[in-house]
Amino acid sequence: MNKILFILFWLSITSTAQDFSKQWRYVESLHEKKLNDELVEIWEYYRQNPINLNDSDERYQLHELQLLSKTELKLIKTYCRSRQLISIYELQGLDINVESLRRIKDFIYVTAKNNTKTTSKKSNLYSGVQCQTPQRAGTLNKEYIGSPFKTHFRYRTNLKKGWNLGLNWEKDSGEPLWYENDGANNLTINFSYKGKYKLRKILLGKYDINTGEGLLFGTSYRINNPYFLSYKPTTRKSLSSKEYNYFKGVAAHWRIRKTDVDVFASHRKLNGKASIDKTGLFRTPKEIEKRKRIQENLLGIAISIKKRENKISWAGIVYRSDYLNDKNNFFQSLYLSKNYYNIDYSGEIALQNLHKWALIQKLTISISNNSLISLQFRSRNDSIFNEYKSDYSSFSNGYENGFLWCFQHNFNEKWRLRATFDRFRSNFINTEGTHFSYGRKIYSEILRSTDKRKFVLQFQNKILSDSEELNKFKLYYLEHLTSNLKFTAKGNYIDESGQINTSLQSNFYRTSNSELDKINISYCVFNTQSESIFWQAPSFYGSYNSRFLHGKGITSSLSYQRKLNRATKLGIQLTQLSYADREVIGTGNEQIDNNSKLELSLYIKWKN
Amino acid sequence: MIKLIQVTLVLMSFCAHAQNTKNLLKTHFNPCILEEFDTTTFYSQVNILNSEFGVHDSKIASIFKLQNRPFQLAYQQYGYKLFKDYKYSISSAQKLNSKMSLGLNINFHQLYISGAEKHHALSFDLGYSYKADTYEFHIFLENPLNNNYVENDFESRFILNSLYYWNANLYSDLQFEESLHTGFHIRHQLTYSYQNFLSLSILQAFHPFEYGFRLGFKKGSFQIYSQYRKLTWTNATGFALIYQPGNE
């Protein structure tokens, strides 16, 4: 009997270990537009390479998971800094919601200092395919040179002596897997090394660069939320399928006492001609003409000194690209962050060739563990390099000057209030086209969360000069109907000067008693006039069926995932989109000669 | 026409005293509620939208059990002398467990317009309900495949109801409704029952703002309701009668 109980317990642990639906729903309730391949790739990486809470170098990587609030992160860091943990379950003694700890449980572990976790060789493999019916005009007219299937293959393994290998190969619908005389389509091969001594990291292949707050370079995944701080490693390997916003080459990281040194070099060809093409779609001969046409080279060094929670860093980068000015540009970034009890300050100043500049300053004050207030100021030249910036705030990235302040208050364990106010202004005059020279946005959120249900009501108000006022209401509701059945409802209401845009969506998530089978059902009715509504299908590994919907219609999805054995899992998802206000969907090669379409996604995942 | 139908259906937001009849005459018929009926029930209702032209909406229905499964047969008619829209429905429900139920309506529609050809169509609706001690959820998918006579002439809606019982006599029903054709609506109904024979409901609709009230009375096996609603385009009155033999 005990043996059976042990097996059941072990099965439940292993079967939930590779499921990110908890994490997915958490981010969905905060920033559903930020759910994408890249975030799941980060979770996948840290599940395979968990964070050692007893290692001060690794602890700061908890930020990257985007699964904890700033207050929760601070509590964990402070607690871990003062002692050696024996078990991750010690965190339960902190004033942190149990749900938050459950979200990060799969990504953390503890061992004694300087001991690495004893792990056997770990590998995982993912293969997915997507198709739709009816076919697009480009496929029917044979304008697209590739098959109508979207395929995705990913493999990651731990090699010997700290080395890792990753491979990612993806092609979109209509694209070929291999371009004649032009190589493979979106293929990434990464080698990385993780060391314990002075040489901490070597990356070969695709990677991200983040300097300071990301005024110049911030290509890693980040939720641009003023309630998160943005500490990141300068370079981070990337195995996502993104075809823009990354670098390719070699990077290394040394740690000498309290000083971190990063050296990195990148050489690649961007897509586009006069400007960068960010669509990542190369299906017709005309589109293929833009593939890998703009040369880009980069060489940089970043030095940072960190002492407890205080950090100062400088980065110098030589950048040259055909699309910029075909000259060597020298970028510098100076970043400082300082913590003094309950006051956090961080700021970055960036320079381009010593005469163009950008800066951002942030000051966050916590009052007990229940409240915080943050002030943020940003300003820059309108002509400074702005291609790989991170998002400063979720409201006003296109504006050079801005002042944002926000506060958060936890009334008790259940209720939380957030409010953000952002004012922004351009510092140039555009006489040729429509130009909204200044504006403001207000964002507020009230949340009630218990073990059984979660309720979030958000309100946004946006006013731009010479433009219509925009008001957005969003409702999110989650209820655990039974121990293995969850229900969520989402409502959107956007009022743009009397033009109403709305949607109502519900999702059901059912897990079998053995936790081997999972089924999701989603149904959404939308009705828009002037603004698009963002729709996100329920969590389905490897498939990110999100889209902006405009017009009148219904979209629904059905997903089924099954764990075949300890190592193998497979899934199938059907997504139907029907419009009531049109005869065809899309235009040009994208056109579908019907008012509805059905998408099928399949995947198989294996790990050892 | 769709708006007219919808507004008419709004008028039908009746509610009964006994718990198992409270959802019978709402803006829509969620078949899950059939699971609550142990006794045979007959009900009818008439809503007068425009007395000058005789525009009205009426319904006659019967709920019964067959082989221990609840069914409803209903006939509904909307329109006036020269324009009549008929709906014949059969509904049933299945209890999933002590708290959850699923239901299905199958509808046959017939449209008569004087001097024009007749149209026929089929549609179906799905319902789901969850009941806890003090609150309930109801989900209703009306015509999810957007079937129609010609084009977009049937309502297709997604309705989410949440009921909260403040105490044994007072409850709120908040309804979120997304219509494929008319957009988003929120409605609220507050109902107070006095000693299980008298009830008063206050009805509100937001965007557009509408209001109304309803009075109900129970005597023996009969329940009688009368309602007034101020709509944006008319004032409407409605009556309903529910008969449950053996349920006194």
Side-chain angles (χ1 to χ4, degrees), chain A residues 452-453 455 457 471 473-495 498-508 510 521-530 533 535 549 551-556 558 576-583 595-596, chain B residues 2-3 6 28 30 96-102 123-148 150-164 174-187 206-208:
Chain A
K452 202 177 175 213
R453 65 181 67 93
F455 169 84
L457 182 65
N471 290 299
F473 292 90
K474 188 178 164 189
L475 175 75
Y476 177 87
Y477 184 82
L478 180 146
E479 169 108 13
H480 294 258
L481 299 177
T482 65
S483 59
N484 52 11
L485 181 66
K486 295 184 192 81
F487 164 73
T488 64
K490 283 189 264 185
N492 285 291
Y493 182 95
I494 303 173
D495 179 354
Q499 291 191 298
I500 307 299
N501 310 276
T502 55
S503 74
L504 192 61
Q505 178 181 357
S506 72
N507 302 330
F508 283 93
R510 190 182 188 281
I521 299 170
S522 165
Y523 185 81
C524 173
V525 178
F526 58 95
N527 189 320
T528 73
Q529 296 176 44
S530 57
I533 295 284
W535 176 78
L549 300 168
K552 296 178 180 182
I554 298 170
T555 184
S556 52
L558 175 67
Q576 163 95 21
L577 173 62
S578 300
Y579 285 98
D581 61 347
R582 65 196 70 179
E583 298 293 320
N595 68 348
S596 75
Chain B
I2 288 164
K3 277 192 175 178
Q6 193 195 26
H28 56 280
N30 188 331
L96 300 176
N97 57 36
S98 60
K99 291 183 172 177
M100 291 187 275
S101 303
L102 274 178
S123 74
F124 73 94
D125 314 317
L126 291 169
Y128 166 84
S129 72
Y130 174 84
K131 293 184 181 180
D133 294 339
T134 56
Y135 64 93
E136 296 178 13
F137 289 117
H138 298 272
I139 289 175
F140 183 62
L141 275 57
E142 182 178 18
N143 186 19
L145 297 183
N146 194 25
N147 291 2
N148 46 57
V150 183
E151 188 177 351
N152 292 333
D153 39 20
F154 281 2
E155 186 54 281
S156 178
R157 294 183 294 177
F158 176 31
I159 297 173
L160 180 64
N161 280 88
S162 60
L163 278 73
Y164 184 77
L174 188 62
Q175 177 170 309
F176 299 91
E177 175 185 323
E178 181 70 45
S179 162
L180 193 59
H181 305 300
T182 60
F184 189 66
H185 305 271
I186 300 181
R187 298 192 169 92
F206 309 95
H207 197 278

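The sequence lines fix the lettering, A, B, ..., with proteins before strands; numbering per chain opens at 1.
- Only the side chain of A:T482 comes within contact range of chain B, with at least one heavy atom under 4.5 Å from a heavy atom of that chain.
- Of all heavy-atom pairs between A:N527 and B:H181, the closest is ND2-C, 3.6 Å.
- When heavy atoms are compared at a cutoff of 4.5 Å, A:I500 approaches chain B solely by way of its side chain, counted from C-beta outward.
- Within the model, atoms OH of B:Y130 and CD of A:E479 stand 5.5 Å from one another, a figure rounded to the nearest 0.5 Å.
- Cation-pi geometry between A:R453 and B:F137 is not met at under 6.0 angstrom from the ring centre and within 45 degrees of the axis.
- Heavy atoms of other residues, nucleotides or ligands lying less than 6.0 angstrom from CG of B:N97 number more than 12.
- For a residue to count as touching a neighbouring chain, one of its non-hydrogen atoms must lie under 4.5 Å from one of that chain's; by this rule A:Y579 does not touch chain B.
- In terms of heavy-atom pairs under 4.5 angstrom with chain A, the leader among B:L160, B:N148, B:I139 is B:I139.
- Centroid-to-centroid, the aromatic rings of A:Y477 and B:F176 stay 6.0 Å apart or farther.
- Listed options A:S596, A:S506, A:G491, A:C524 were ranked by heavy-atom pairs under 4.5 angstrom with chain B; first place goes to A:S506.
- Applying the ring pair (Phe, Tyr, Trp, His ring centres under 6.0 Å) test to A:F508 and every residue at least two apart in sequence or in another chain returns A:F487, B:Y128.
- Considering CD1 of A:I554 and CZ of B:R157, their distance stands at 12.5 Å, rounded to 0.5 Å.
- Using a 4.5 Å cut-off between heavy atoms, A:A489 touches chain B through its side chain atoms alone.
- Contact between A:A580 and B:N146 at its shortest, heavy atoms only, is CB-ND2, 3.6 Å.
- In this structure, CD1 on B:I186 lies 9.5 Å from CG on A:L504, to the nearest 0.5 angstrom.
- Distance CG/A:L485 to NZ/B:K99: 11.5 Å, rounded to 0.5 Å.
- Here B:Y164 pairs with B:W166 under the ring pair (Phe, Tyr, Trp, His ring centres under 6.0 Å) rule; sequence neighbours left out.
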